[in-house]
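Working notes, beginning with the structure itself.
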Amino acid sequence: MSGLPILSLAIWVPIFSGCVVLLTGSDRNSPLARALALLGALAGLLVTLPLYAGFDTTTPAMQFVELLPWIRRFNINYHLGVNGISMLFVILNSFITVIVVLAGWKVIESKVAQYNACFLIMSGLLNGIFAALDGMLFYVFFEASLIPLYLIIGVWGGPRRVYAAFKFFLFTLMGSLLFLISLIYLYLYSGGSFAIQDWHQMPLPMLQQKWIFLAFLAAFAVKVPMWPVHTWLPDAHVEAPTGGSIVLAAIALKLGAYGFLRFSLPIAPDASHAFSGLIIGLSLIAVVYIGFVALVQEDMKKLVAYSSIAHMGFVTLGFFIYSPLGMEGALVQMVSHGFVAGAMFYCIGVMYDRVHSRLIADYGGVVNTMPKFAAFFMLFAMANAGLPATSGFVGEFMVILASVKFNFWVAFAAAWTLILGAAYTLWMYKRVVFGAVGNHHVAELTDITAREFLVLALLAAGALVMGLYPQPFTEVMHSSVNELLRHISVSKIQ
């Protein structure tokens, strides 16, 4: 598509803005750093809007394609493009960056420029992941995005931030090394191409497909995260600042699921079918077992972190039942989770900034002192539990419906998320918000400010619009999902 290089702007505008914010220097210039960060985040969002406005929903082909040589000797190119699957995540990521900058406006008081710069640079790198059509370019963005998130957790996190950051980095790095080996193998096997679309068309013997699928699984399962490699996520969420938790839940968890669609399923379709039972089993464990784990948590952040693992289990389940309805439902769930989980972590952050505790037992009767906040929190709690007319319901309903067509008992196990999700979310909400004022800390609470109201209203708009009228989202992804399913239904074994 001719015209402006929109995808390059989506990548480099926030990165450049982050570098400019860094130049503001010490905390003496923190008001300027905040203002520049907000301008950079808004600019990053505005340059992505033409992606939706100019997107052709009738074709599964890559759009807004950019191709420039990068490392000629190894045939590595700066190759970008989006289809109906990846485009939505570029816009979602840019939107969440605005939310994160606003969320940390008053909360972060030290190293303000560096904090905001980390989020802006990470936003550009994440957009690069979703837009990359070259395997090595994808890997560079994939690994580089770990660095700012590692710093966000390790520098601005809680008392155990160094442990949580190191555990997060170690888990993700180990899987990524196997991913790199697979990319190099595919490059050599293809005769010297790093083009992901070339790999999609390349025949592969079954044995090679299985090894490649397992290597990809090692990288992407950690990112989702799937059981049993999920243990880094609760620690990372608990120690991360509010902005870090929002980005981690809303965007970073989507990278593993996106990797399945970009790499595992189309490159190794026969192996994907062979291992589908394993993935479905792990997904159901995440939905049911992790749901029970969330039910007994005393820390609100840890509860929502386990809730995220259960919801992402729905995503991988939707992918591996090979149904258009299931895959579209999983993608809707991914976008919805960006709004709802991000909002839940922000709500917890709002209370933590006032009381400096995340423990459920330290609250009670919040509605008496923060009625506006309690109303927003109720909306997001209901969306997290899958209430109809919220975005949390649409994706789960589509996946469960597809699961019923696939296998009744799989659907029966998956439907437990509706029961468990309502149990742990509403049980937390009841103890925190309802009843008499629990203690003097709650009695002294003040309701949300205009800035906090704006952040919550933006997230609420996303959750409600997607819940009441999901068609614009599903229309965008429909052609790309059908093309992907058509592609993986054909054997690639020579």
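Not measured: the values here are computed from a predicted model.
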### Query
Quick check: does any side chain N or O of Trp199 sit under 3.5 Å from a backbone N or O of Phe263, one acting as donor and the other as acceptor?
no
### Message
Determine whether a donor-acceptor pair (N or O, by modelled atom type, separation under 3.5 Å) exists between the side chain of Glu396 and the backbone of Phe314.
### Response
no
Drop me the distance from [X]'s [atom1] to [Y]'s [atom2], to the nearest 0.5 angstrom.
{"X": "Met344", "Y": "Cys347", "atom1": "CE", "atom2": "SG", "result": "7.0 Å"}
{"X": "Leu217", "Y": "Leu282", "atom1": "CG", "atom2": "CG", "result": "7.5 Å"}
{"X": "Trp156", "Y": "Tyr115", "atom1": "CH2", "atom2": "OH", "result": "8.5 Å"}
{"X": "Leu317", "Y": "Ile279", "atom1": "CG", "atom2": "CD1", "result": "11.0 Å"}
{"X": "Phe16", "Y": "Trp12", "atom1": "CZ", "atom2": "CH2", "result": "12.5 Å"}
{"X": "Leu42", "Y": "Thr97", "atom1": "CG", "atom2": "OG1", "result": "10.5 Å"}

Please identify each residue that fulfils side chain to side chain contact (heavy atoms under 4.5 Å, CB included) with [X], with sequence neighbours left out.
{"X": "Pro50", "answer": "Ile6"}
{"X": "Met62", "answer": "Val65, Asn83, Leu133, Gln197, Arg262"}
{"X": "Ala43", "answer": "Val13"}
{"X": "Ser145", "answer": "Leu125, Leu126, Ile129, Leu255"}

### Sequence-distant partners of Phe319, ring-ring contact (aromatic ring centres under 6.0 Å, His included), two or more places apart
none
### Task
Go through the structure and list residues passing ring-ring contact (aromatic ring centres under 6.0 Å, His included) with His79, not counting sequence neighbours.
none
What are the two closest heavy atoms between [X] and [Y], and how far apart are they?
{"X": "Pro241", "Y": "Ile152", "value": "CD-O, 3.5 Å"}
{"X": "Val100", "Y": "Gly243", "value": "CG2-O, 3.8 Å"}
{"X": "Ala402", "Y": "Ile321", "value": "CB-CD1, 3.6 Å"}
{"X": "Phe345", "Y": "Ala249", "value": "CE1-CB, 3.6 Å"}
{"X": "Phe373", "Y": "Asp447", "value": "N-OD1, 3.2 Å"}
{"X": "Pro470", "Y": "Gly467", "value": "CD-O, 4.1 Å"}

### Message
Apply side-chain contact (heavy atoms from CB on, under 4.5 Å) to residues Phe171 and Leu233 and explain how you reach the verdict.
### Response
CA-CA 10 Å; Phe171 266 69; Leu233 183 67; over 6 Å; no
Could you tell me if the ring centre of [X] sits under 6.0 Å from that of [Y]?
{"X": "Tyr78", "Y": "Trp70", "value": "no"}
{"X": "Phe453", "Y": "Phe376", "value": "yes"}
{"X": "Phe179", "Y": "Phe142", "value": "yes"}

### Query
Hey, what's the ring geometry for Phe130 with Tyr258, parallel, tilted or perpendicular (30° and 60° as the breaks)?
perpendicular
### Message
Once you measure the plane-to-plane angle for His337 and His311, does it fall in the parallel (<30°), tilted (30-60°) or perpendicular (>60°) bin?
### Response
tilted
Is there a side-chain contact between [X] and [Y], using heavy atoms and a 4.5 Å cut-off?
{"X": "Ser123", "Y": "Asn93", "result": "yes"}
{"X": "Ile267", "Y": "Leu186", "result": "yes"}
{"X": "Ser176", "Y": "Tyr139", "result": "yes"}
{"X": "Val224", "Y": "Phe260", "result": "yes"}
{"X": "Ser17", "Y": "Leu36", "result": "no"}
{"X": "His230", "Y": "Ile290", "result": "yes"}
{"X": "Gln63", "Y": "Met87", "result": "no"}

Applying side chain to side chain donor-acceptor pair (under 3.5 Å), can you list everything that pairs with [X], at least two apart in sequence or on another chain?
{"X": "Lys223", "answer": "none"}
{"X": "Gln114", "answer": "none"}
{"X": "Asn77", "answer": "none"}

#### Entry: Intermediate values then yes/no, ring pair (Phe, Tyr, Trp, His ring centres under 6.0 Å), Phe380 and Tyr346
CA-CA 10 Å; Phe380 298 125; Tyr346 183 67; 9.0 Å; no
### Task
Start with the C-alpha distance between Leu426 and Met382, add both sets of side-chain angles, then the distance that settles side-chain contact (heavy atoms from CB on, under 4.5 Å), and finish with yes or no.
CA-CA 8 Å; Leu426 300 182; Met382 289 297 186; 4.0 Å; yes
### Task
Please list all pairs passing the salt bridge (charged side-chain N to carboxylate O under 4.0 Å, His left out) test where one or both residues lie in residues 35-53, with sequence neighbours left out.
none
### Task
Any pair with a residue in residues 450-473 that passes salt bridge (charged side-chain N to carboxylate O under 4.0 Å, His left out), sequence neighbours left out, goes on the list, sorted by first then second residue, please.
Arg354-Glu452
#### Entry: Test item: side-chain donor near acceptor, Ser245 and Lys301, under 3.5 Å
yes
### Query
Can a donor-acceptor pair be found between the side chains of Tyr322 and Ser272 at a distance below 3.5 Å?
no
#### Entry: More than 12 heavy atoms of other groups within 6.0 Å of Phe275 CZ
yes
### Query
More than 12 non-hydrogen atoms from neighbouring residues, nucleotides or ligands closer than 6.0 Å to NZ on Lys167, yes or no?
yes
### Task
Output, in order, the C-alpha distance, side-chain angles, deciding distance and verdict of side-chain contact (heavy atoms from CB on, under 4.5 Å) for Met312 and Val315.
CA-CA 5 Å; Met312 291 305 294; Val315 171; 4.1 Å; yes
### Of all pairs that satisfy side-chain hydrogen bond (donor to acceptor under 3.5 Å, both in side chains), the ones with a partner from residues 376-385, not counting sequence neighbours
Ser307-Asn384, Asn384-Thr425
